[in-house]
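Every chain is numbered from 1 and lettered A, B, ... according to where its sequence line falls, protein lines coming before strand lines.
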Amino acid sequence: MASVKEQILDYLVTELNGLTGVTVSRSRPFAHNLSELPAIVVTQGSAPAEPVYTNLEYINWAMRVHVLIIYNGSTPEADSDQIFIDAYKAVMADRTAGGLAMDIYPSSDDKTFQEGDKITMFEDLTFVCVFRTKADDPEQQ
Amino acid sequence: MFTEDLDQFFADFGVSATFGAETGLVIFDAPDMNVSGFDGQVITPEYKITYPSIDFTTLAHGSAITVDGVNYTVNNVTAGHDGKIKYAYLSGAD
């Protein structure tokens with residue numbers, strides 16, 4: 001079995017894979033070619049944790065998940081908006097991530113742009129996934 | 001005093017470019033470049049022409065230019081070296 005955090009990340013990638021015409025991958029350090037765009041890269045961010053003091057058997061986690069939307073075009077902000085909407089809805093459709101999380105909610109949305117032939121836009125849509133594991137086993141809820 | 005003849009520079013490697021009613025020789029480059037943001041990276045071409053500053057003097061962001069028979073839009077223009085040549089960075093058609 002995988003850790004609960006890994007199960008949540010896999011769940012989100014599966015949900016995002018339902019988007020039509022978008023290349024979805026996990027934590028990809030290799031550059032995309034233009035033919036692969038638009039693309040979404042799902043990566044884990046910081047995951048602060050703390051004990052549940054009313055029940056020391058458990059740890060509460062608040063894992064940041066970065067849903068990075070990559071789009072290339074002359075007017076990427078307007079043209080990629082539907083991908084943002086679809087990705088947001090895919091993640092938020094089940095705020096328990098199939099029963100793995102206590103809640104998922106958006107925490108920030110940032111964009112940066114790079115000039116090349118066209119404009120490449122990188123949009124970092126960040127969610128927080130709140131979940132609980134056994135204190136002695138990250139695979140167990 | 002030595003007088004530069006930029007025509008020699010563009011004669012061997014230049015290709016024809018047309019901006020409005022004006023035609024001249026430019027050197028065209030299209031290397032791939034890697035752009036990145038947050039944890040993502042993309043390989044994209046960077047289209048650039050090098051040309052004498054005395055040509056295409058009103059070329060600017062948004063100008064339409066044809067280089068070697070292909071249409072482009074100008075992203076920006078910068079001066080190079082002693083200012084006698086300029087570089088224009090281009091976008092291809094959508």
Within one Ile-Leu-Val-Met-Phe-Trp-Tyr cluster: A:Ile83 and A:Ile85, side-chain cutoff 4.5 Å: yes
Shortest non-hydrogen contact from B:Asn34 toward A:Ala31: ND2-CB, 3.9 Å
Per-residue contact mode, B:Asp39 against chain A (heavy atom under 4.5 angstrom): both
From CD1 (B:Ile43) to OG1 (A:Thr120), nearest 0.5 Å: 11.0 Å
For chain B, the option from A:Lys111, A:Glu36, A:His66 that forms the most heavy-atom pairs under 4.5 Å: A:Lys111
Taking every non-hydrogen atom, the tightest pair across B:Met33 and A:Glu115: CE-O, 3.7 Å
Approximate separation, where rounding is to 0.5 Å, of A:Thr43 OG1 and B:Phe38 CZ: 11.0 Å
Same apolar cluster: A:Ile8 and A:Met92, side chain cutoff 4.5 Å: yes
A:Val128 reachable from A:Val41 in the ILVMFWY side-chain graph, under 4.5 Å edges: no
Separation between CG of B:Leu90 and NZ of A:Lys118, rounded to the nearest 0.5 Å: 11.0 Å
Cluster overlap B:Val15 with B:Phe19, hydrophobic side-chain contacts below 4.5 Å: yes
Point-to-point distance, once rounded to the nearest 0.5 Å, from CG of A:Leu34 to CG of B:Asp32: 8.0 Å
Exercise: identify the closest heavy-atom pair between B:Gln41 and A:Phe122: N-CE2, 4.0 Å
Segment of B:Tyr72 engaging chain A (4.5 angstrom heavy-atom cut-off): neither
B:Phe13 CZ: over 12 foreign heavy atoms closer than 6.0 Å: no
Connected via hydrophobic side-chain network under 4.5 Å: A:Val13 and A:Val65: yes
Separation between CD of A:Gln114 and OG1 of B:Thr44, rounded to the nearest 0.5 Å: 11.0 Å
Interface moiety of A:Leu37 toward chain B, non-hydrogen atoms closer than 4.5 Å: side chain
Side chain A:Asp117, main chain B:Gly92, donor-acceptor under 3.5 Å: yes
